[in-house]
Enquirer: 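Got a structure for you, written out below as structure tokens; questions coming shortly.
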Amino acid sequence: MAASAPQVSRDRTRYLYLAVIVAVLAGIAVGLLAPELGKELKPLGTAFVGLIKMMISPIIFCTIVLGVGSVTQAARVGKVGGLAVGYFLVMSTVALAIGLVVGNLLHPGEGLALTDDLRKAAETEAAKGGESDTTSFLLGIIPATLVSAFTEGQVLQTLLVALLAGFALQAMGGRAAPILAGIGHIQRLVFRILAMIMWAAPVGAFGAMAAVVGATGVDALTSLAVIMTGFYATCVLFVFVVLGPLLWMVARVNILALLRYLGREFLLILSTSSSESALPRLIAKMEHLGVSRPVVGITVPTGYSFNLDGTAIYLTMATLFVASATGAPLALGEQISLLIFMIIASKGAAGVTGAGLATLAGGLQSHRPDLVDGVGLIVGIDRFMSEARALTNFAGNAVATVLIGTWTGEFDRERAGEVLAGHVPFDETTLLDEDSGPGTGRSGDDGDGGSPAGDRPSGALTPA
């Protein structure tokens with residue numbers, strides 16, 4: 001009987017995500033037929049994303065503390081972080097290069113004209129872009145107090161506090177076991193709450209989609225179809241031509257199988273236009289796939305701020321679009337120097353709503369002020385392009401987690417094969433592998449019931 005309960009829960013969540021699809025279609029219909037009503041429904045989407053964001057800090061804290069605190073050698077954690085940052089820099093460069101090539105081939109933006117309203121919109125975005133710089137970003141990683149990272153919802157601040165706590169528990173040795181066990185129980189509670197919140201996803205998706213369609217309509221998109229189509233095609237090209245072969249060569253994991261495994265998360269991002277809404281589930285699913293908890297806990301949160309493949313592609317194509325639309329095309333040298341600056345600046349804007357558009361405007365303001373007015377042309381479709389940015393960033397972070405787990409020897413390929421084949425289903429009720437946790441008394445316990453880390457997948461780190 002105990003074995004059949006999870007199957008019932010999974011059946012229920014399957015209906016939940018069918019409801020999300022219906023809600024998205026209903027939102028589009030309302031936005032088209034009653035635009036004003038659609039705009040007024042925006043708080044529904046905002047509220048749902050807010051509920052998800054509320055859970056991000058405690059989930060990241062518990063995951064990293066349990067992972068780092070249970071590793072006996074701190075150097076292994078440092079190795080994961082170094083590999084992650086190096087990989088992120090390389091892939092951002094590759095994404096930037098692909099965006100440059102496609103953008104120069106398509107020549108988007110030709111034949112468009114600016115209006116006074118679009119110029120005002122561009123000025124607003126340029127002001128946002130000037131609010132953030134790299135120095136402020138680095139100083140902002142340090143929270144005002146030890147607990148303010150949780151109340152302010154800053155991912156990197158939470159990451160810093162969690163790493164410090166994890167290393168401190170490492171140094172405490174055996175005396176840290178009760179604390180780790182307690183945090184393990186808190187993690188279960190947090191994921192249970194998250195699973196409850198997910199039942200509000202259809203309502204949030206309906207409100208978000210109705211609002212954006214009501215605000216933009218369809219006519220606003222026709223003249224901008226070239227850059228939208230080109231951008232989406234470039235993102236698909238990057239995922240399947242760059243990330244796919246790399247994932248197969250390094251980890252022997254099929255990209256289509258991985259994306260199918262994360263299908264519900266992609267649907268959630270598409271309906272809310274927020275990759276943060278899927279961050280907690282990505283952490284849980286990567287652990288379930290067989291990547292160790294320390295690798296997941298370090299790579300995923302860091303990737304959300306530094307591994308911005310979709311944003312890199314967006315910045316390149318949007319810059320070329322603006323330059324072409326304003327009749328001031330950029331030379332290749334200007335393109336490269338400006339875009340490298342924007343990639344660096346985008347790290348400082350990480351986590352800011354509309355960061356991609358603000359970074360674009362801020363970069364143009366600092367390098368080519370004469371092009372800033374052209375940003376107004378892209379404001380109308382940025383909401384739709386932000387979905388492709390978020391989906392690509394999410395796919396890039398999922399692939400990065402598997403790759404870094406493989407390079408560090410912290411990825412269980414056999415388990416991944418079982419999971420991707422559907423033989424080891426993900427528990428949508430708890431978002432955790434409860435049967436392997438300490439003290440559960442389940443038949444799935446593999447004998448390390450006394451491990452303070454708790455709920456580790458079979459591919460997780462264990463003390464040497």
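Please read these numbers as outputs of a predicted model, since none were measured by experiment.
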Enquirer: Would you list the pairs meeting ring-ring contact (aromatic ring centres under 6.0 Å, His included) in which at least one residue belongs to residues 39-66, sequence neighbours left out?
Expert: Phe61-Phe150
Enquirer: Would you check if the side chain of His288 reaches a backbone N or O of Val424 as a donor-acceptor pair within less than 3.5 Å?
Expert: yes
Enquirer: Indicate yes or no for a side-chain donor-acceptor contact from Asp309 to the backbone of Ala95 under 3.5 Å, with no hydrogens or angles considered.
Expert: no
Enquirer: Could you pull out all residues at least two apart from Phe266 that satisfy ring pair (Phe, Tyr, Trp, His ring centres under 6.0 Å)?
Expert: Phe394
Enquirer: Just verifying a value: how many Å separate Gln157 CD and Leu160 CG, rounded to the nearest 0.5 Å?
Expert: 8.0 Å
Enquirer: Grab the two heavy atoms, one from Leu243 and one from Gly396, that are nearest each other, plus how far apart they are.
Expert: CD1-CA, 3.8 Å
Enquirer: Quick one: NE2 on His185 to SG on Cys62, what's the gap to the nearest 0.5 Å?
Expert: 12.0 Å
Enquirer: Nearest 0.5 Å, what's the CG-CG distance between Leu262 and Asn397?
Expert: 11.0 Å
Enquirer: Looking only at heavy atoms, which two atoms of Ala390 and Ile269 are closest? And how far apart?
Expert: CB-CG2, 3.6 Å
Enquirer: Before you tell me yes or no, could you show the steps for Val291 and Ile404 under side chain to side chain contact (heavy atoms under 4.5 Å, CB included), namely the whole-Å CA-CA distance, both residues' side-chain angles and the distance that decides it to 0.1 Å?
Expert: CA-CA 9 Å; Val291 184; Ile404 292 169; over 6 Å; no
Enquirer: Below 4.0 angstrom, N of the basic side chain to O of the carboxylate: do Arg415 and Glu418 qualify?
Expert: no
Enquirer: Which atom names give the shortest non-hydrogen contact between Ala210 and Leu41, and what distance separates them?
Expert: CB-CD1, 3.9 Å
Enquirer: Quick one, Ser292 with Val295, criterion side chain to side chain contact (heavy atoms under 4.5 Å, CB included). Give me CA distance, side-chain angles, the key distance, then yes/no.
Expert: CA-CA 5 Å; Ser292 72; Val295 170; 3.3 Å; yes
Enquirer: What's the spacing between Leu282 CG and Leu268 CG if we round to 0.5 Å?
Expert: 11.5 Å
Enquirer: Please report the interatomic distance CH2(Trp248) to CG(Leu256), rounded to the nearest 0.5 Å.
Expert: 11.5 Å
Enquirer: Using the rule side chain to side chain contact (heavy atoms under 4.5 Å, CB included), only one of Thr93, Leu83, Thr299 pairs with Phe88; which is it?
Expert: Thr299
Enquirer: Please confirm whether the backbone N or O of Gly422 pairs with a side-chain atom of Tyr261, one donor and one acceptor, at under 3.5 Å?
Expert: no
Enquirer: If you count heavy atoms of other groups shown closer than 6.0 angstrom to CE of Met54, is the number above 12?
Expert: yes
Enquirer: How long is the straight-line distance from CE of Met286 back to CG of Leu258, given to the nearest 0.5 Å?
Expert: 5.0 Å
Enquirer: Can you list the steps and then say if Leu403 with Tyr87 is a side chain to side chain contact (heavy atoms under 4.5 Å, CB included)?
Expert: CA-CA 9 Å; Leu403 293 178; Tyr87 171 82; 3.5 Å; yes
Enquirer: Step by step, work out the side chain to side chain contact (heavy atoms under 4.5 Å, CB included) result for Leu237 and Val242.
Expert: CA-CA 7 Å; Leu237 182 73; Val242 177; over 6 Å; no
